[in-house]
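As the structure is a prediction and not an experimental result, all values here were calculated from the model. Numbered from 1 within each chain, the chains take letters A, B, ... in sequence-line order.
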Protein chains: 2
Amino acid sequence: MDDIDRALIQRLQEDAGQPYAALAASVGLSAGATHERVRKLRERGVIRRTTVEVDPAAVGSGVLAYVMVDSTAWMGDSRAAFEGIAEIQEAHIIAGSASVMVKVRTATTEQLQDVLRRLYAIDGVSGTQATVVLETFFERPLPL
Amino acid sequence: MDDIDRALIQRLQEDAGQPYAALAASVGLSAGATHERVRKLRERGVIRRTTVEVDPAAVGSGVLAYVMVDSTAWMGDSRAAFEGIAEIQEAHIIAGSASVMVKVRTATTEQLQDVLRRLYAIDGVSGTQATVVLETFFERPLPL
DNA sequence: TCTGAAATAGATCAGAT
DNA sequence: ATCTGATCTATTTCAGA
């Protein structure tokens, strides 16, 4: 992981579809060497996958909320229960008063309510505090 | 936006690097027709960009925290101030007691503390409540 | 580990159904 | 709107430094 690798990752975060020749030119290497470096970054798991960023509202997920989930038991083994709720985009174990924090996207607030209902159905869950997002300022790649 | 478009988006979210031929086969179209649909999805802004997912810990951002930012003034015009803090990955205006919620990634908790200091320096900010993530269960694409 | 070129494969376009 | 087939471009591999 040197500066060239970091530069390559940054360029790929901005546009993963660009030709290796363009990528190579931006870091001053040949296409072959660039290809080899990117291959290794993938192999080592630094780059997890290539994906597309989608406009949530355009695919029927216009409502975004963060939900703090309180519990009466250790939630460390409950990953599968959260995975089972399709509308949950992220789930994290957190320090502090709540136990788990989830990021939820739904089409409507009615569907958000239904997600809260399903969260309550998970073993050990004793409460939820939903924070609804009114406007997203920005969502951007990791700093390097 | 029909079922084929949704299927294409889902496949591209899983692997945006796959050949159009493979993508086409998975939805029962020709490569040409598939290419045309994907082009239109990009043109309409449904697909915003092609990018790579990076392991945060591998690039020096192993600490993840969500910070609720309280304020004494309307924060709707403060986008630039939050954008100016590089460690902030997401910033949202929220309903509820706080005004803004930000997602922060840093290498260490010391750097997280420094981000909080810079948040306090923003006009109108009167307080912060940081929630540190201990373990990420999962982060996954949008449901379709 | 990088370079440069050759072989392979995929993207793109024109024309037709 | 989709398909087929031809052209063009990019990716991938490999020998050599």
Side-chain angles (χ1 to χ4, degrees), chain A residues 1-62 86 105 107 139-144, chain B residues 1-62 107 139-144:
Chain A
M1 268 299 283
D2 57 7
D3 286 342
I4 293 178
D5 283 333
R6 266 181 286 274
L8 287 173
I9 291 169
Q10 189 141 30
R11 289 313 200 89
L12 286 172
Q13 281 185 332
E14 290 159 8
D15 180 8
Q18 73 189 288
Y20 276 95
L23 208 55
S26 74
V27 297
L29 288 183
S30 72
T34 302
H35 183 263
E36 180 66 8
R37 275 178 180 263
V38 173
R39 192 190 63 74
K40 282 181 186 162
L41 286 169
R42 289 183 194 279
E43 189 182 72
R44 288 162 45 204
V46 177
I47 293 176
R48 286 178 173 157
R49 62 172 168 175
T50 305
T51 185
V52 291
E53 262 185 35
V54 174
D55 177 11
V59 294
S61 295
R105 285 195 193 266
E139 294 179 286
R140 64 187 178 188
L142 283 172
L144 291 176
Chain B
M1 269 299 282
D2 58 8
D3 286 343
I4 293 178
D5 284 333
R6 266 181 287 274
L8 287 174
I9 292 169
Q10 189 141 29
R11 288 312 203 86
L12 286 171
Q13 280 186 331
E14 290 159 8
D15 179 9
Q18 73 188 289
Y20 276 96
L23 208 56
S26 74
V27 297
L29 289 182
S30 72
T34 302
H35 184 263
E36 179 66 9
R37 276 178 180 263
V38 174
R39 192 191 62 73
K40 282 180 186 163
L41 286 169
R42 289 184 194 279
E43 189 182 72
R44 286 162 47 204
V46 177
I47 294 175
R48 286 177 173 157
R49 63 172 169 176
T50 306
T51 186
V52 290
E53 262 185 35
V54 174
D55 176 13
V59 294
S61 296
E139 295 180 287
R140 64 187 178 188
L142 284 172
L144 290 178

Item to check | Set of residues satisfying side chain to side chain contact (heavy atoms under 4.5 Å, CB included) with respect to Asp3(A), sequence neighbours excluded | outcome: Arg6(A)
Checklist outcome for this item: Those residues at least two apart in sequence (or on a different chain) that pass side chain to side chain contact (heavy atoms under 4.5 Å, CB included) with Gln13(A) are Ile9(A), Pro141(A), Leu142(A), Leu144(A), Thr51(B), Val52(B), Val54(B)
Checklist entry - Considering all heavy atoms of both residues, which atom of Arg11(A) and which atom of Gln18(A) are nearest to each other, and what is their separation? => result O-NE2, 3.3 Å
Next on the checklist: Counting Watson-Crick and G-U wobble pairs with both distances under 3.5 Å, what is the dot-bracket string for DNA chain C, 5' to 3', using [ ] for crossing pairs and | for pairs to another strand?
Outcome noted: ||||||.||||||||||
Checklist entry - Does Arg37(B) pair with Asp5(B) as a salt bridge, N-O distance under 4.0 Å? => result yes
Checklist entry - Any Lys/Arg nitrogen of Lys40(B) or Glu43(B) sitting under 4.0 Å from an Asp/Glu carboxylate oxygen of the other? => result no
Checklist entry - What distance do Leu41(B) atom CG and Leu12(B) atom CG have between them, rounded to the nearest 0.5 Å? => result 8.5 Å
Checklist entry - With a 4.5 Å heavy-atom cut-off, do Val59(B) and Met1(A) have their side chains touching? => result yes
Next on the checklist: For a 4.5 angstrom cut-off between non-hydrogen side-chain atoms, does Leu23(B) reach Val27(B)?
Outcome noted: no
Checklist entry - What pairs with Asp55(A) under side chain to side chain contact (heavy atoms under 4.5 Å, CB included), at least two apart in sequence or on another chain? => result Ala57(A), Ala58(A), Arg48(B)
Next on the checklist: What's the separation between atom CZ in Arg42(A) and atom CZ in Arg39(A), rounded to the nearest 0.5 Å?
Outcome noted: 11.0 Å
Below 3.5 Å is the cut-off: list the nitrogen or oxygen pairs between protein and nucleotides 2-5 of chain D, distance only.
| residue | atom | partner | partner atom | Å |
| --- | --- | --- | --- | --- |
| dT2(D) | OP1 | Arg37(B) | NE | 3.2 |
| dT2(D) | OP1 | Arg37(B) | NH2 | 2.5 |
| dC3(D) | OP2 | Ser30(B) | N | 2.8 |
| dC3(D) | OP2 | Ser30(B) | OG | 3.2 |

Please tabulate, one pair per line, each protein N/O and nucleotide N/O from nucleotides 6-11 of chain C that are separated by under 3.5 Å, including the distance.
| residue | atom | partner | partner atom | Å |
| --- | --- | --- | --- | --- |
| dA11(C) | OP2 | Tyr20(B) | N | 2.9 |

